[in-house]
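Here is the structure we will look at, set down as structure tokens.
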Amino acid sequence: MKSLRIGLLGLGTVGAGLVQMASGDGPLSTIIEIVGVSARNRNAARPVDISKYEWFDDPCALAANPNIDVLVELIGGANGKAKEAALIALQNKKHVVTANKAMLAEHGVELAQIAAQNGVEIRYEAAVAGGIPIVKALREGLAANKINSIMGVMNGTSNYILTEMQKSGREFASVLADAQRLGLAEADPTLDISGGDAGHKLAILSALAFSGAPDYAAISLEGIEEIEPVDLETAQFLGYAIKLIASAQAHDGKLRQSVRPTLVKLNNPIAQVDGATNAVLVNADPVGTLTFIGSGAGAGPTASAVAADLMDLAHGDARPVFSGPCIGREVFETADKNSLAAKFYVRFRVADKPGVIAKISDTLARHQVSIESFLQKPPPSTQNVAIVLTTQICNEDVLIDALHELSGLDEFVDKPLIMPLHD
Ligand code: HSE
């Protein structure tokens, strides 16, 4: 096996985890040599000793350095220094190994072209679901399958928040503040809670499964900010957990890709995944349904994924960046955003006045939306009350039309929350 000379860009949690693996007595230490490192702050406190590596203030100088074979990019961000350094490395005929889902989701096509032109590879196991080898599973293990759907919990921060809200009955903002205090959520958690981070990961998996080209813009994104304790409590009562589900479904030549809060039946393995754990379900022909569960972040799991890519590069098993089950598949159209046919959960926030329930059921009936269950808890001290219903299977655009009609009425104090049910 060939020995690889590494330039390591980024010495945060994952970078330090990789240094630890490279300096240990595992297989990685026998095949790679870290030649140079670069990070924002040379003197930051770190759990590993970096003094024996050449230091580069400029990430781009490290990327262009003739003494490295591979740039390991672990600074993140769709643009900026990460992309600049990755481009320089590829143009200088160096492989790139990255955990940067935002960069691949938003610029993957451009980067893959430059990699091909220069005869080098981009590897990115660590970009999706941390330690779970889902990229490798799709690229290699399932390469000859026809993928029907991919769905999962791909953002640990939002899953931690939903799990804690469920357990404690506390509000979103208070649990988010805790997650930040504990260092689980970023100082700016926007991408995690808005669905953007899971969307980046889904774009990469969809590219492998369906299209060969990440298309982040085609993914419809909704976050968890609107979820209230009453939703989690009611979902549980109905036999469901609320999860931020990233999903790509191919059907009749159309591809539907979304990240949205979803009620998942409690007996589904995804509903059991609590805290910062990730889970991915793949349904494919002829293999059937496979479930992958594990740590989606952290030093050990993510460094393990980076190390696996380095081992593969050392073995010399080259293949195009987004090759996999997508090869030879039909070209999918993007499914219309609100054309999903499913059962739905709807939570209304209304003024507690006579006749409100009659108005809801009358309006839904006129739109041919059939109600499966209907719940109103006795109001607390406030004037506003939560009314929750679930529908039988209907088209989401029909449901939205009905809710739009209701939104004009004085009793409806807030936009209703809609979530699909996954049985
Ligand atoms: N911020 C991500 C999460 C971890 O919360 O899952 C890295 O992808």
Side-chain angles (χ1 to χ4, degrees), residues 9-18 72-78 82 97-106 108 123-136 150-165 172 175-207 214 216 219 221-225 227 242-247 259-262 270 273-281 292-309:
L9 175 49
L11 288 163
T13 308
V14 183
L18 190 72
V72 176
E73 183 279 303
L74 300 174
I75 54 177
V97 171
T98 179
N100 190 337
K101 56 246 155 195
M103 180 176 79
L104 292 175
E106 296 184 30
R123 293 272 181 160
Y124 48 89
E125 184 62 71
V128 185
I132 302 176
I134 186 65
V135 170
K136 203 170 180 65
I150 296 172
M151 69 175 283
V153 170
M154 300 184 199
N155 182 264
T157 304
S158 52
N159 201 49
Y160 169 84
I161 293 171
L162 291 175
T163 305
E164 285 304 305
M165 286 176 71
F172 168 79
V175 178
L176 171 60
D178 266 9
Q180 285 175 298
R181 242 190 327 272
L182 292 169
L184 290 168
E186 306 287 335
D188 176 6
T190 314
L191 273 179
D192 288 318
I193 62 176
S194 68
D197 175 75
H200 285 143
K201 294 165 182 167
L202 185 68
I204 294 170
L205 298 187
S206 274
Y216 179 60
I219 301 175
L221 299 177
E222 265 175 62
I224 61 168
E225 305 93 322
I227 307 284
I242 299 178
K243 298 289 173 191
L244 183 65
I245 295 294
S247 152
V259 177
R260 67 189 298 192
T262 300
I270 290 187
V273 169
D274 282 346
T277 306
N278 283 192
V280 185
L281 249 65
F292 302 82
I293 294 177
S295 295
T302 314
S304 152
V306 173
D309 282 342

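All ligand and atom numbering here is 1-based and tracks the order in the structure. Since the model is a prediction, treat every value here as computed from it, not as a measurement.
- The NZ atom of Lys101 lies 14.0 Å from the CG atom of Leu202; values are rounded to the nearest 0.5 Å.
- The structure places OG of Ser247 at 9.0 Å from CD1 of Ile150, a figure rounded to the nearest 0.5 Å.
- Although no hydrogens or angles enter the test, the distance criterion places a donor-acceptor pair under 3.5 Å between the side chain of Asp309 and the main chain of Tyr124.
- Residue Gly156 approaches ligand 1 through these ligand atoms, each under 4.0 Å from one of its heavy atoms: 3 (C), 5 (O), 6 (O).
- Formation of a donor-acceptor pair under 3.5 Å by the Glu125 side chain with backbone atoms of Val135 is found in this model.
- In terms of protein heavy atoms, atom 5 (O) of ligand 1 is closest to Thr157 OG1, 2.6 Å.
- Listed by atom number, the atoms of ligand 1 under 4.0 Å from Lys101 heavy atoms are 7 (C), 8 (O).
- Not a single N or O atom of Asn278, backbone or side chain, sits closer than 3.5 Å to an N or O atom of ligand 1.
- Shortest contact from atom 1 (N) of ligand 1 to any protein heavy atom: Asp192 OD1, 2.9 Å.
- Remark: the backbone N or O of Leu244 is not paired with any side-chain donor or acceptor of Asn155 at under 3.5 angstrom.
- Distances below 4.0 Å separate heavy atoms of Ala297 from the following atoms of ligand 1: 4 (C).
- Which parts of ligand 1 touch Asp197 is read off a 4.0 Å heavy-atom cut-off, strictly below it: atoms 2 (C), 8 (O).
- If you take NZ on Lys243 and CG on Leu162, they are separated by 7.0 Å, rounding to the nearest 0.5 Å.
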